[in-house]
There are 2 protein chains.
Amino acid sequence: MGRGKIPIKRIENQTTRQVTFSKRRAGLLKKTHELSVLCDAQIGLIIFSTTGKMCQYCTEGYRRQKVSGTCIPEHDNREHLYNELAVLRKETRRLQLSMRRYTGEDMSSIPFEELDQLEHELERSVIKVRERKV
Amino acid sequence: MGRGKIPIKRIENQTTRQVTFSKRRAGLLKKTHELSVLCDAQIGLIIFSTTGKMCQYCTEGYRRQKVSGTCIPEHDNREHLYNELAVLRKETRRLQLSMRRYTGEDMSSIPFEELDQLEHELERSVIKVRERKV
DNA sequence: GCGCCTATATATAAGAG
DNA sequence: TCTCTTATATATAGGCG
């Protein structure tokens, strides 16, 4: 769809990825809305970008699915749970980005100024590994 | 999209509605998958037809997040929340260990047999950084 | 209902300003 | 970056079996 065809795999260029995200998210929200109206269906859609931004669509009567098999403490408040989820999600995202940085998986998103520093960090890690080996 | 244009309002003919539902649901699932892969986004989608049938799509690492200050939906169930917390905690833990491994922070916990592999991984990362620098 | 088909409507990738 | 454009790629309405 568009001037060229693109393979369905993670878009490496960060700028392109962001642009595509915005466009396709808008498209997805529109299609979601259309399906719910045309076919009178209940739909819930929630999207998180890599930057952690969230957006969602849900119809009035939308109900989430029930999962069984987990033990739940009697007393607890959901607000607390939601907060914990938010914190954990943020931390997970941070760790994912750090890992990508270290494995060189998403080199394109790293500013040139930071490359030297990253190189040194990696070299230090290599040295530590070698020390451990002897 | 199709032989004719249809207005976005509930399709009255039940047969047509059902057909359109099936077709558009498939399209929506596809687009959802594409967005999640292309843009590395976490997405949850759940669809209920009028006949009560349910189908859903969600990415591996999909986590719902509630930003503080946002109202919490009535129909949320704690069981589901606890499941999500459990999965998220596990993932965070896994990432933390990976990071420690890469930074050499906790070298003592790495078995000797894995040191060679780690060393190579790090060297590859260094090479990627140097390639990026030129 | 489900596939498959085909003309048409939409979505969107890549440019341009 | 952001908006607008436009050539292409996709989605899908309406049919048929």
Side-chain angles (χ1 to χ4, degrees), chain A residues 1-59 61-62 65 93-94 97 100-101 105-115, chain B residues 1-59 62 67 132:
Chain A
M1 275 189 223
R3 292 303 177 94
K5 181 174 180 166
I6 57 166
I8 303 302
K9 63 189 213 60
R10 182 187 146 92
I11 295 171
E12 289 307 323
N13 181 291
Q14 196 184 5
T15 307
T16 307
R17 192 166 65 237
Q18 174 60 46
V19 170
T20 298
F21 178 73
S22 297
K23 288 181 174 181
R24 280 179 172 258
R25 179 186 53 193
L28 194 61
L29 287 167
K30 186 180 175 192
K31 292 237 171 242
T32 302
H33 173 70
E34 291 183 352
L35 177 59
S36 76
V37 172
L38 288 170
C39 306
D40 196 25
Q42 304 303 329
I43 308 183
L45 170 69
I46 187 164
I47 305 174
F48 291 99
S49 72
T50 25
T51 59
K53 264 190 277 189
M54 189 261 282
C55 84
Q56 63 180 340
Y57 175 91
C58 55
T59 48
Y62 163 63
Q65 180 203 18
R93 174 52 57 193
R94 189 186 67 75
L97 292 175
R100 287 222 181 100
R101 200 165 164 277
E105 201 179 312
D106 189 12
M107 207 52 83
S108 65
S109 68
I110 301 177
F112 279 92
E113 310 82 61
E114 283 177 38
L115 288 171
Chain B
M1 273 189 223
R3 293 302 177 93
K5 181 173 179 168
I6 57 167
I8 303 302
K9 65 190 210 61
R10 182 186 149 93
I11 296 171
E12 290 308 323
N13 180 291
Q14 196 186 357
T15 307
T16 308
R17 190 167 69 238
Q18 175 59 46
V19 170
T20 297
F21 178 74
S22 295
K23 288 182 175 180
R24 280 179 173 258
R25 180 187 54 193
L28 194 61
L29 286 167
K30 186 179 175 194
K31 290 239 172 241
T32 303
H33 173 69
E34 290 183 353
L35 177 58
S36 77
V37 172
L38 287 171
C39 305
D40 197 25
Q42 307 301 331
I43 308 183
L45 170 69
I46 189 165
I47 306 173
F48 292 97
S49 71
T50 24
T51 59
K53 266 193 277 186
M54 188 265 281
C55 87
Q56 64 179 344
Y57 174 91
C58 50
T59 48
Y62 161 62
V67 185
R132 168 84 172 149

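Fair warning: this is a prediction, and the values are worked out from it, not measured in the lab. We name chains A, B, ... by the order of the sequence lines, and we start the count at 1 in each one.
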To the nearest angstrom, how far is [X] atom [atom1] from [N] atom [atom2]?
X     : N      : atom1 : atom2 : result
A/Q18 : C/dA14 : CD    : P     : 16 Å
A/R24 : D/dA9  : CZ    : P     : 14 Å
A/M1  : C/dA9  : CE    : P     : 17 Å
A/I8  : D/dA9  : CD1   : C1'   : 11 Å
A/R17 : C/dA13 : CZ    : P     : 14 Å
B/R25 : C/dG1  : CZ    : P     : 11 Å
B/I6  : D/dA11 : CD1   : P     : 16 Å
B/L28 : D/dT10 : CG    : P     : 17 Å

Looking across every strand, which nucleic acid part, if any, lies under 4.0 Å from A/K5 by heavy atom: base, sugar-phosphate, or nothing?
->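 Sugar-phosphate, backbone atoms only, no base.
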A/T20 near the nucleic acid: base, sugar-phosphate alone, or nothing, with a heavy-atom cut-off under 4.0 Å?
-> sugar-phosphate
Measure across A/K9 and B/V37 and return the closest heavy-atom pair with its distance rounded to 0.1 Å.
->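 Closest pair (atom of A/K9, atom of B/V37, distance): CA-CG1, 3.5 Å.
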Heavy atoms of other groups near B/Q14 CD, more than 12 under 6.0 Å = no
Output yes when a side-chain donor or acceptor of A/S22 lies under 3.5 Å from a complementary backbone atom of A/Q18, and no otherwise.
-> yes
Between B/S36 (side chain) and B/H33 (backbone), is there a donor-acceptor pair under 3.5 Å?
->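 The answer is yes, because a donor-acceptor pair under 3.5 Å joins these two groups.
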Would you indicate which nucleotide in [options] comes nearest to any side-chain atom of [X]?
X     : options               : value
B/S22 : D/dA13, D/dA11, C/dC2 : C/dC2
B/K30 : C/dT12, D/dA7, D/dT10 : D/dT10
B/R3  : C/dT12, C/dA7, C/dA14 : C/dA7

Kindly indicate whether the side chain of B/K23 and the base of D/dG14 share any N or O donor-acceptor pair separated by less than 3.5 Å?
->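 A donor-acceptor contact between them is present.
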Short side-chain N/O contact to D/dT12 OP1/OP2 from A/K31, under 4.0 Å = yes
Find out whether B/I11 and B/F21 are in side-chain contact, i.e. whether some heavy atom of one side chain is under 4.5 Å from a heavy atom of the other.
->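 No, side chains not in contact.
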